[in-house]
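A quick note: this is a predicted structure, and the numbers were derived from the prediction, not measured. All ligand and atom numbering here is 1-based and tracks the order in the structure.
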Amino acid sequence: MTSVELRNVVAGRPVDGRRTFPKHSPVDGALVAQVHEAGPEVVDAAVAAAREALAGPWGSLPVGERATVLRRVAERIEARFEDFVAAEVRDTGKPEHLVRQLDVARAALNFRSFADTIAAQGLDAYLTDLADGRQALNYAVPKPLGVVAIIVPWNLPLLLLTWKVAPALACGNAVVVKPSEETPSTATLLAEVMAEAGVPDGVYNVVHGFGPDSAGELLTTHEGVDGVTFTGESRTGSAIMRAVAPRVRPVSFELGGKNAAVVFADCDLERTLDGLTRSIFLNTGQVCLCTERVYVERSIFDRVVDGLAERARALRLGRPDAEGTTTGPLISRQHRAKVQSYLDLAIEEGAKVVVGGGVPELGEDLRDGAWIEPTLWVGLDNSSRVVREEVFGPVAALIPFDTEEEAIRLANDTDYGLAAAVWTTDLERGHRVAQQMRVGMAWVNTWYLRDLRSPFGGVGLSGIGREGGTHSLHFYAEPTNVCVQL
Ligand code: NAD
Ligand code: 6OH
């Protein structure tokens with residue numbers, strides 16, 4: 001594989017960094033890119049370019065025209081679909097079919113969805129009755145936040161980036177984005193698409209680098225940044241909150257999860273096993289919504305364990321373009337070391353490994369990749385660290401329960417609160433249990449089924465705020481309320 005050179009993008013132009021850092025493929029360790037790390041000068045220039053763009057034509061573009069621009073971005077993503085697929089596969093090592101169906105398809109959809117949302121936005125207005133019989137008219141004029149910093153992780157790089165860029169632009173902001181150091185490619189490619197779609201220079205800027213003492217921290221502590229939207233680990237969210245606190249800037253956080261599935265004996269077993277397999281192992285378990293705790297009604301516990309183990313054994317680890325590949329590597333050797341530490345910890349904590357538990361033998365050519373076996377444990381309970389802490393890998397602990405009340409208590413016994421899935425054919429129970437989950441998103445008989453207008457986010461350690469449809473507009477725009485005495 002030939003390696004590429006990736007630069008920052010400021011006001012539509014490629015800009016060198018203070019140094020470069022290497023990006024390696026998690027498939028086989030090959031060097032895939034040299035990336036220019038943004039230092040203070042580049043971050044300053046990016047924030048200044050965004051500010052300048054707000055003062056230009058972009059700042060006064062009518063809403064309908066902004067929606068048209070967003071639709072053009074979606075069209076250009078589709079026109080360069082295979083370029084995006086290649087870039088995302090190169091950085092992440094995911095199976096190509098997954099990148100096509102999920103990552104790149106959703107990127108285009110994100111822009112279309114927020115074009116629709118902004119075009120349909122009404123005015124928040126009230127006729128207020130006054131004590132003397134007269135009236136006042138209150139109406140709230142939405143205004144862009146200004147320069148928005150967008151910091152995103154490596155697991156669904158383009159999907160999660162565009163999930164924030166699209167509403168930010170829909171509301172008339174200018175953005176400085178910082179993709180993960182592990183996945184710099186698609187954010188850079190998106191800059192080309194922005195230009196092709198007629199987005200003015202400076203509206204979309206890209207700075208590359210790491211978090212602390214690098215582009216991430218330079219952005220969150222920058223005087224010229226008006227708001228920060230972040231997806232990533234809860235601990236990083238906490239650090240970013242501290243960084244923006246002195247300047248009291250708004251934040252929107254989509255953070256980690258330790259998501260539960262609750263499986264009742266009355267579930268449709270085959271459908272449930274297929275759904276659980278997807279929710280535990282999709283993207284090698286590297287989706288914030290992935291299930292890592294499976295609570296199963298005792299009478300079907302053994303059948304669920306056996307059925308899941310069979311499906312886990314059937315997963316095919318392999319190169320992204322290989323026929324039949326279902327599962328890619330973890331994102332990096334560094335992340336694999338973290339996941340391995342939990343595999344070791346599970347044994348120390350008394351787990352019985354049902355399937356997996358180590359590094360697979362995949363042949364010489366993949367030896368330097370970040371491969372890990374899909375893993376299932378039994379014999380753990382909620383007191384163990386592997387059941388409490390987010391692993392972010394293809395792993396789950398299966399735990400039996402006896403009553404509905406116990407299942408709800410166990411599922412909610414966590415500091416996180418992102419997502420949950422309930423598996424049952426009893427409709428009333430499905431609603432009843434889902435509503436009692438202390439999470440942002442609860443699914444019944446499905447998982448990761450999305451309507452982009454729905455509120456997306458978490459409670460507790462899993463985040464602050466909701467994005468999606470009009471919920472995003474509440475973060476990316478700030479209203480000025482006008483009150484007129486009539
Ligand atoms: P991470 O928090 O390590 O990094 C995310 C981004 O933040 C990267 O771009 C990184 O460079 C940057 N960053 C790190 N430290 C920073 C700092 N001090 N200041 C500013 N920027 C900083 O997360 P990750 O390892 O890339 O991603 C995995 C995590 O993301 C998991 O915890 C997962 O659950 C979470 N996640 C959550 C959601 C959600 O919607 N809730 C979605 C995807 C991923
Ligand atoms: C976390 O890894 C997945 C987040 C998914 C979304 O934000 C989405 O919009 O589908």
Q) Between Thr231 and ligand 1, which residue portion shows a heavy-atom distance shorter than 4.0 Å: side chain, backbone, both, or neither? A) both
Q: For ligand 1, find out whether one of its N or O atoms is nearer than 3.5 Å to an N or O atom of Ser234.
A: no
(Q) Show the atoms of ligand 2 that are less than 4.0 angstrom away from any heavy atom in Leu160. (A) 4 (C), 5 (C), 6 (C), 7 (O)
Q: Determine whether the side chain, the backbone, both or neither of Pro179 has a heavy atom under 4.0 Å from any heavy atom of ligand 1.
A: backbone
Q: Could you list the atoms of ligand 2 found under 4.0 angstrom from a heavy atom of Val287?
A: 1 (C), 2 (O), 3 (C)
(Q) Thr220 versus ligand 1: do any nitrogen or oxygen atoms come within less than 3.5 Å of each other? (A) no
Q. Just how far is it from atom CG of Leu461 to atom NZ of Lys258, taken to the nearest 0.5 Å?
A. 13.0 Å
Q: Compute the minimum heavy-atom distance from Arg106 to ligand 2 and say whether it is under 4.0 Å.
A: yes
Q) Of the backbone atoms (N, CA, C, O) and the side-chain heavy atoms from C-beta on, which set of Leu255 has a member under 4.0 Å from an atom of ligand 1: side chain, backbone, both, or neither? A) backbone
(Q) If the cut-off is 4.0 Å to any non-hydrogen atom of Asn155, which atoms of ligand 2 fall inside it? (A) 1 (C), 2 (O)
Q | Shortest protein contact, atom 20 (C) of ligand 1 (heavy atom only) | A | Gly216 C, 3.4 Å
Q. So which bit of Leu452 gets within less than 4.0 Å of ligand 2, heavy atoms only: side chain, backbone, both or neither?
A. neither
Q) Is the shortest N/O to N/O distance between Tyr448 and ligand 2 below 3.5 Å? A) yes
Q | Protein heavy-atom partner closest to atom 6 (C) of ligand 2 - residue, atom, separation in Å | A | Phe456 CZ, 3.5 Å
Q: Starting from atom 3 (C) of ligand 2, find the nearest protein heavy-atom neighbour and note its residue, name and distance.
A: Cys288 SG, 2.9 Å
Q) For ligand 1, is any non-hydrogen atom under 4.0 Å from Glu181's backbone (N, CA, C, O), its side chain (CB onward), both, or neither? A) side chain
Q.
Show me which atoms of ligand 2 lie under 4.0 Å from any heavy atom of Arg450.
A. 8 (C), 9 (O), 10 (O)
Q. Counting only heavy atoms, which portion of Val152 has something under 4.0 Å from ligand 1: side chain, backbone, both, or neither?
A. backbone
Q: Just jot down the side chain to side chain donor-acceptor pair (under 3.5 Å) partners of Asp344, sequence neighbours excluded, or say none.
A: none
(Q) Ring-plane angle category for Trp163 and Phe456, please: parallel below 30°, perpendicular beyond 60°, tilted otherwise. (A) perpendicular
**Q.** Closest protein heavy atom to atom 40 (O) of ligand 1, given as residue, atom name and distance to 0.1 Å
**A.** Glu254 CB, 3.2 Å
Q) Which one holds for Thr231 and ligand 2: side chain close, backbone close, both close, or neither close, with close meaning a heavy atom under 4.0 Å? A) neither
Q. At a 4.0 Å cut-off, with the gap strictly under it, does some heavy atom of Gly458 reach an atom of ligand 1?
A. no
Q) What do we get for Glu390 next to ligand 1 when only non-hydrogen atoms under 4.0 Å count, side chain, backbone, both or neither? A) side chain
Q.
Could you check whether any heavy atom of Phe253 sits closer than 4.0 Å to an atom of ligand 1, since that is the contact criterion I want to use?
A. no
Q) Nearest protein heavy atom to atom 15 (N) of ligand 1, by residue and atom, and its distance? A) Thr236 CG2, 3.2 Å
**Q.** Location of contacts on Asn155 toward ligand 1, heavy atoms closer than 4.0 Å
**A.** side chain
**Q.** atom 1 (P) of ligand 1 protein-contacted (non-hydrogen atom, under 4.0 angstrom)
**A.** yes
Q. Between Phe210 and ligand 1, which part of the residue brings a heavy atom under 4.0 Å of the ligand: side chain, backbone, both or neither?
A. backbone
